[in-house]
Amino acid sequence: MYVWNRQRPSTMPSHRYRPAHERVEVPLTERAWPARRLTQAPLWVPVDLRDGNQALVEPMDPERKRLMFDLLTTMGFKEIEVGYPSSSRPDFDFVRHLATSGAVPDDVSVVVFTAARRDLIERTFASIEGMSRVVVHLYTATAPTWRDVVLGHDRRELRDLVMDAAAHVARLAGDRDIRFQFSPEVFNLTEPDYALEVCNDLTALWDASPDRPVIHNLPATVEVATPNVYADQIEYMHRHLDRRDAVILSVHPHNDRGTGVACAELALLAGAQRVEGCLLGNGERTGNVDLVTLALNLHVQGVDPMIDLSDIDEVRRVVERCNRLPVPERHPYAGDLVYTAFSGTHQDAIGKGLAHHAKRAAELGVPPQLAPWDVPYLPIDPADVGRDYQAVIRVNSQSGKGGIAYLLRTRHGLELPRRLQIDFSQVVQRATDGSGEEVTAGQLWELFRATYLAPGEPSPLTEWNTAQTGPGVHEFTGTLRDGRLLRGTGNGPLSALAGAFAAGGVDVDILHYAEHALDPGQDGRAIAYVEARVGGATYWGAAVDTSALTASVHAVLAAVNRAA
């Protein structure tokens with residue numbers, strides 16, 4: 001009987017940690033979110049200039065902050081958290097810059113962040129003087145450990161503190177165009193009934209209405225459970241919040257467990273309407289939820305994300321410049337290698353899929369970028385985000401004939417016969433096995449030229465001629481460089497050339513021949529491929545010329561020279 005290998009216990013002290021179900025109360029029993037589907041984009045709120053900025057080793061200077069803000073407005077975000085103005089002079093000054101420079105478009109709301117302290121709230125209101133369309137975002141931590149260890153308040157004392165701060169916010173706002181937001185920080189570790197009580201009290205205090213809704217933002221400040229637990233917590237709040245039509249339910253997932261995106265998506269299924277996060281996932285510790293990934297996940301499901309990601313490389317360049325952090329090569333959608341295949345089986349499937357896509361677009365009479373997308377291994381058309389197909393297939397020692405043929409076809413116009421693809425892939429394999437390094441399209445061409453074209457350059461014949469001497473009979477004559485004459489007959493020019501070699505003592509049998517015109521821009525030249533059995537072994541040769549006949553003759557000579 002087969003016995004599975006037994007895994008041994010590690011030496012890590014896992015017993016020190018409580019599982020999520022012992023730390024998080026989830027009263028929901030009849031959940032509806034698993035049966036729902038995402039059919040529209042949420043309200044997006046990038047927090048790169050606040051949460052993202054405070055997570056940087058070197059926070060952004062004014063020039064980088066403005067660059068980030070301009071990127072966010074260009075992408076189409078309509079609500080942007082721009083800073084924590086009471087936390088530092090640079091944050092305060094940047095909000096004042098936005099207030100006085102005319103940088104904020106008329107249809108964009110700015111969000112400013114403040115702790116639940118009167119002096120900090122007053123400083124926040126000073127920063128937004130003269131601004132319209134502002135959201136004042138009030139927060140305090142509500143989870144038991146934070147109440148007990150950090151703040152030193154019980155549930156009633158903390159609620160009273162929040163209510164006092166919220167009342168002060170309302171007094172300072174007066175009748176100005178200011179909306180209110182509250183975050184029970186560490187919501188996902190807070191008792192659900194307590195989070196609900198505080199949020200409902202604030203809804204009443206701020207007199208929320210459908211035409212002036214409040215925002216209750218429920219952060220997964222530190223991920224401690226699987227995403228379904230967060231979804232249950234959000235659905236509980238969604239079902240029980242007072243004045244539900246006057247509340248915008250928002251989420252702010254972090255990524256401590258690496259499931260920030262999943263938490264956000266499941267929270268939207270559970271009733272959330274708004275998502276806070278950062279471009280490409282920057283944020284405290286392991287980061288905030290990545291708004292780019294979330295948006296493009298919707299796009300790939302046929303849902304308009306309502307933000308412009310058609311130039312993903314420009315977005316990445318600005319984010320890297322502002323954050324001074326690199327975006328990994330495998331980062332979803334934005335990484336350098338995410339649309340790239342090295343594996344031979346993947347390359348073959350992608351190459352065939354792209355050819356099928358082009359054919360289908362032609363049949364539908366639409367440009368390829370408008371045709372339905374269904375290409376193996378590529379969930380999204382790279383062209384949607386401004387990428388071309390140049391890096392879709394790249395070759396190394398793991399690659400196969402399909403990828404190699406694809407690169408030679410798309411970069412150099414070569415349509416290699418299938419058996420030549422197999423032959424050349426073995427050449428490439430031998431060339432790459434030693435180093436394991438990637439082979440570029442240019443290097444592939446040079447390897448192909450050296451293997452199949454160069455043996456026919458220069459020609460061993462100083463002159464040659466072929467002519468039809470009768471029905472179905474061709475004669476080939478030529479002079480070798482050493483002065484010897486070659487003469488032979490056959491049922492075609494190449495057959496006659498083979499006969500000439502046979503007369504000279506070299507057994508040549510033409511097994512396969514193909515030729516095609518190269519791309520227009522290559523002076524109307526043709527390339528010929530010949531597979532020949534020479535002295536019992538098989539060799540391929542190729543040649544390029546303005547004459548297809550000349551190219552085919554030289555391809556035979558290249559194959560014979562390879563044998564020699």
Side-chain angles (χ1 to χ4, degrees), residues 45 47 49-51 54 79-96 98-99 109-143 146-147 150-187 190 194-209 211-219 221 237 241-243 246-250 252 274 276:
V45 184
V47 295
L49 291 164
R50 194 276 300 175
D51 199 337
Q54 73 186 35
E79 193 172 318
I80 302 170
E81 192 165 86
V82 296
Y84 190 166
S86 63
S87 68
S88 69
R89 183 75 197 191
D91 263 31
F92 182 91
D93 289 346
F94 181 67
V95 177
R96 291 307 303 150
L98 294 179
S109 299
V110 299
V111 183
V112 285
F113 189 74
T114 180
R117 265 177 41 189
R118 286 196 173 206
D119 58 330
L120 302 183
I121 293 168
E122 291 166 3
R123 179 71 169 166
T124 301
F125 272 86
S127 74
I128 60 173
E129 186 66 36
M131 299 184 82
S132 59
R133 299 180 66 93
V134 178
V135 177
V136 174
H137 181 179
L138 183 71
Y139 85 94
T140 195
T142 55
W146 275 253
R147 291 197 309 261
V150 181
L151 301 174
H153 292 309
D154 61 23
R155 286 173 52 145
R156 182 188 59 79
E157 291 169 337
L158 186 63
R159 176 199 168 277
D160 291 345
L161 181 151
V162 172
M163 294 296 287
D164 178 73
H168 197 48
V169 167
R171 281 192 297 272
L172 293 175
D175 59 1
R176 285 188 285 170
D177 187 14
I178 293 175
R179 291 187 298 122
F180 307 130
Q181 173 176 343
F182 174 63
S183 286
E185 191 78 0
V186 211
F187 157 79
T190 300
Y194 183 58
L196 182 66
E197 175 191 346
V198 174
C199 287
N200 282 339
D201 286 348
L202 289 177
T203 299
L205 173 66
W206 283 333
D207 194 20
S209 62
D211 60 346
R212 195 185 183 190
V214 301
I215 302 164
H216 287 312
N217 184 58
L218 308 177
T221 308
M237 297 293 285
L241 281 168
D242 292 343
R243 306 192 200 184
V247 172
I248 296 173
L249 181 53
S250 176
H252 182 120
R274 179 179 182 269
E276 293 186 352

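- Considering every non-hydrogen atom in both H252 and N217, the closest pair reads CB-ND2, 3.6 Å.
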Taking it one step at a time, do T140 and H153 satisfy side-chain contact (heavy atoms from CB on, under 4.5 Å)?
CA-CA 12 Å; T140 195; H153 292 309; over 6 Å; no

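- A heavy-atom distance below 4.5 Å is found between the side chains of R212 and F180.
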In a table with atom names and distances, give each donor-acceptor pair under 3.5 Å that connects a side chain of residues 162-172 to protein atoms at least two apart or in another chain.
residue	atom	partner	partner atom	Å
D164	OD1	R118	NH2	3.0
D164	OD2	R118	NE	3.2
H168	ND1	R171	NH2	3.3
H168	NE2	E122	OE2	2.9

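- No hydrogens or angles considered: a donor-acceptor pair under 3.5 Å links the side chains of Q181 and E276.
- Taking CZ of R117 as the reference point, atom CG of L161 lies at 10.0 Å (rounded to 0.5 Å).
- Electrostatic pairing of D160 and R156 counts as a salt bridge here, judged by a charged N lying under 4.0 Å from a carboxylate O.
- How far CD1 of I178 is from CZ of F125: 4.5 Å, rounded to the nearest 0.5 Å.
- Taking the centre and axis of the six-membered ring of Y194, the NZ or CZ atom of R147 falls inside the cone set by 45° and 6.0 Å.
- Among all heavy-atom pairs drawn from V95 and S127, the shortest one is CG1-O, 3.4 Å.
- Scanning both residues, F92 and P85, for their nearest heavy atoms gives CB-O, 3.4 Å.
- Contact annotation: the side chain of W146 never approaches that of L158 to less than 4.5 Å [non-hydrogen atoms, C-beta and beyond].
- Here the closest heavy-atom approach between residue I248 and residue P213 is recorded as CD1-CG, 3.9 Å.
- Side-chain contact between L202 and V214 is absent, with no heavy atoms from C-beta onward closer than 4.5 Å.
- Within the model, atoms SG of C199 and CZ of R243 stand 13.5 Å from one another, a figure rounded to the nearest 0.5 Å.
- Between the side chain of N200 and the backbone N or O of D242 there is at least one donor-acceptor pair closer than 3.5 Å.
- Within the 4.5 Å cutoff, the side chain of E129 has heavy atoms near those of the R176 side chain.
- The OG atom of S250 sits 7.5 Å away from atom NE2 of H137, with the distance rounded to the nearest 0.5 Å.
- The minimum heavy-atom distance linking L249 with L218 is given by the pair CD1-CD1, 3.3 Å.
- The distance from the NE2 atom of H216 to the CZ atom of R274 is 12.0 Å, given to the nearest 0.5 Å.
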Could you walk me through whether W206 and L138 satisfy the side-chain contact (heavy atoms from CB on, under 4.5 Å) test, starting with their C-alpha distance in whole Å, then the side-chain angles of each, then the deciding distance to 0.1 Å, before giving a yes or no?
CA-CA 12 Å; W206 283 333; L138 183 71; 4.3 Å; yes

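- Proximity of V134 to D177: side-chain heavy atoms (C-beta onward) are nowhere separated by under 4.5 Å.
- Taking CD1 from I215 and CZ from F182, the interatomic distance works out to 13.0 Å, rounded to the nearest 0.5 Å.
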Q54 vs Y84, side-chain contact (heavy atoms from CB on, under 4.5 Å): CA-CA, chis, key distance, verdict:
CA-CA 9 Å; Q54 73 186 35; Y84 190 166; 4.3 Å; yes

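- In this structure the side chain of E185 reaches within 4.5 angstrom of the side chain of P219, judged on heavy atoms.
- Looking at heavy atoms from C-beta onward, T142 lies out of side-chain contact with V186 at the 4.5 angstrom threshold.
- Inter-residue side-chain proximity for E157 and L151 is flagged as unmet; no heavy-atom pair is nearer than 4.5 Å.
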